[in-house]
Amino acid sequence: MTIQEIEQRLIDGNEKFVANKLEGKLQDSNRRESLTKGQEPYAIILSCADSRVVPELAFDAGLGEIFVIRVAGNVANTSSIASIEYAVAHLGSKIIVVLGHQSCGAVTAAVQGGDNGYHLNHLLSHITPAIAASPSGAEINDIVKKNAELTASELINRSSIIQKAVDSGEVKIAPAYYNLDTGKVDFL
């Protein structure tokens, strides 16, 4: 599939999810068996770890179709970047979607500040650029969107593998926002 066809596949899959018309294809024993020989996911989704956001369902994707990396706040940390690099360099994925979502707890925690312990403070530090780039008093959901946009840029800035694939036109990065109340994904 071309990048445009993949984008349309994601949009169409999300429309099915929103309309409660999931097809649930490629989820049976035949599909599992076929994937023992390898995988070729067409898209990479860097999503928040929030249990209310399930990219496979939100895009009506079957087994082996999307390569999902989940981390609170959908941040570009060393591990998430390395996972994306693997999918770009070895699996042939053509789109990277950075998927923020409505009412993100990690973004809320970053905005509230305070001492959340070493590990969580470190994770939340990846979100502070989005807070700084947002107007004073910005709504959490606006900061979530800014975080998705900045994370998309960070993937290019921090990875020569991803940068080369984007510069050559082999890969596209698309920041997006998942609406918890409707299930709709808005590409930013």
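Reckoned from all heavy atoms, side chains included, excluding hydrogens, waters and symmetry mates. Being a predicted model, the structure only gives us computed values, none of them experimental.
A donor-acceptor distance shorter than 3.5 angstrom exists from the side chain of N147 to the backbone of G73, with no hydrogens or angles considered. In this structure, the side chain of S80 engages the main chain of V75 through a donor-acceptor pair within 3.5 Å. Judged purely by atom type and a 3.5 angstrom limit, S34 uses its side chain to pair as donor or acceptor with the backbone of R31. Remark: side-chain polar atoms of Q102 are paired, donor with acceptor, to backbone N or O of D181 under 3.5 angstrom. Under a 3.5 Å cut-off, the side chain of R32 and the backbone N or O of L63 do not form any donor-acceptor pair. A donor-acceptor pair is defined here as one N or O able to donate and one able to accept, closer than 3.5 Å; such a pair exists between the side chain of R158 and the backbone of A76. With N121 contributing its side chain and N116 its backbone, the two residues share a donor-acceptor pair below 3.5 Å. The closest donor-acceptor contact from the side chain of S159 to the backbone of I156 lies at 3.5 Å or more, if one exists at all. Not one N or O on the side chain of D60 forms a donor-acceptor pair closer than 3.5 Å with the backbone of K16.
Interatomic distance, CG of N14 versus CZ of R9, reported as 10.5 Å (0.5 Å rounding). Distance check, rounded to the nearest 0.5 Å: CD of Q27 to CG of L22 gives 8.5 Å. Here I11 contributes atom CD1 and K184 contributes atom NZ; the two are 7.5 Å apart, rounded to the nearest 0.5 Å. Taking OG of S93 as the start and CD of Q39 as the end, the distance is 7.5 Å to the nearest 0.5 Å. Taken from CG in L150 to CG in N157, the straight-line distance is 10.0 Å, to the nearest 0.5 Å. Considering CD1 of I84 and CD1 of I162, their distance stands at 5.0 Å, rounded to 0.5 Å.
Of all heavy-atom pairs between L124 and A109, the closest is CD1-CB, 3.8 Å. Closest approach of P55 to R70, counting heavy atoms only: CD-NH1, 3.9 Å. Of all non-hydrogen atoms in I173 and A152, the two that sit nearest each other are CG2-CB, 3.4 Å. Of all the heavy atoms in C48 and C104, the pair that sits closest is SG-SG, 4.1 Å. Closest heavy-atom contact between N74 and S47: CB-C, 3.7 Å.
Looking at heavy atoms from C-beta onward, F187 lies in side-chain contact with V97 at the 4.5 angstrom threshold. You'll find the side chain of V185 reaches within 4.5 Å of the side chain of L99, heavy atoms only. Between V18 and N179, the closest side-chain pair of non-hydrogen atoms is not below 4.5 Å.
Residues L188 and I95 do not share a hydrophobic cluster, defined by chaining ILVMFWY side chains whose heavy atoms lie under 4.5 Å apart. No chain of hydrophobic side-chain contacts below 4.5 Å, direct or via other Ile, Leu, Val, Met, Phe, Trp or Tyr residues, connects L35 to V68. L91 and V98 fall within the same hydrophobic cluster, defined by Ile, Leu, Val, Met, Phe, Trp and Tyr side-chain heavy atoms under 4.5 Å apart, directly or through other members. Clustering ILVMFWY residues whenever any of their side-chain heavy atoms sit less than 4.5 angstrom apart, transitively, puts I131 in the very cluster that holds V144. Hydrophobic clustering, with ILVMFWY side chains joined whenever heavy atoms are under 4.5 angstrom apart, groups I45 together with I3.
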- With side chain to side chain contact (heavy atoms under 4.5 Å, CB included) as the test, would you mind laying out the steps for K94 and E5 before giving the verdict? CA-CA 10 Å; K94 296 186 181 299; E5 289 169 336; over 6 Å; no
- Does the pair S79 and V71 meet the rule for a side chain to side chain contact (heavy atoms under 4.5 Å, CB included), with working shown? CA-CA 9 Å; S79 296; V71 59; over 6 Å; no
- I96 vs V166, side chain to side chain contact (heavy atoms under 4.5 Å, CB included): CA-CA, chis, key distance, verdict: CA-CA 10 Å; I96 303 166; V166 169; 5.6 Å; no
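Residue pairs meeting the ring-ring contact (aromatic ring centres under 6.0 Å, His included) criterion with at least one member in residues 13-70: none, sequence neighbours excluded. Residue pairs satisfying the side chain to side chain donor-acceptor pair (under 3.5 Å) criterion with at least one member in residues 125-143, sequence neighbours excluded, are listed as follows: N141-Y177.
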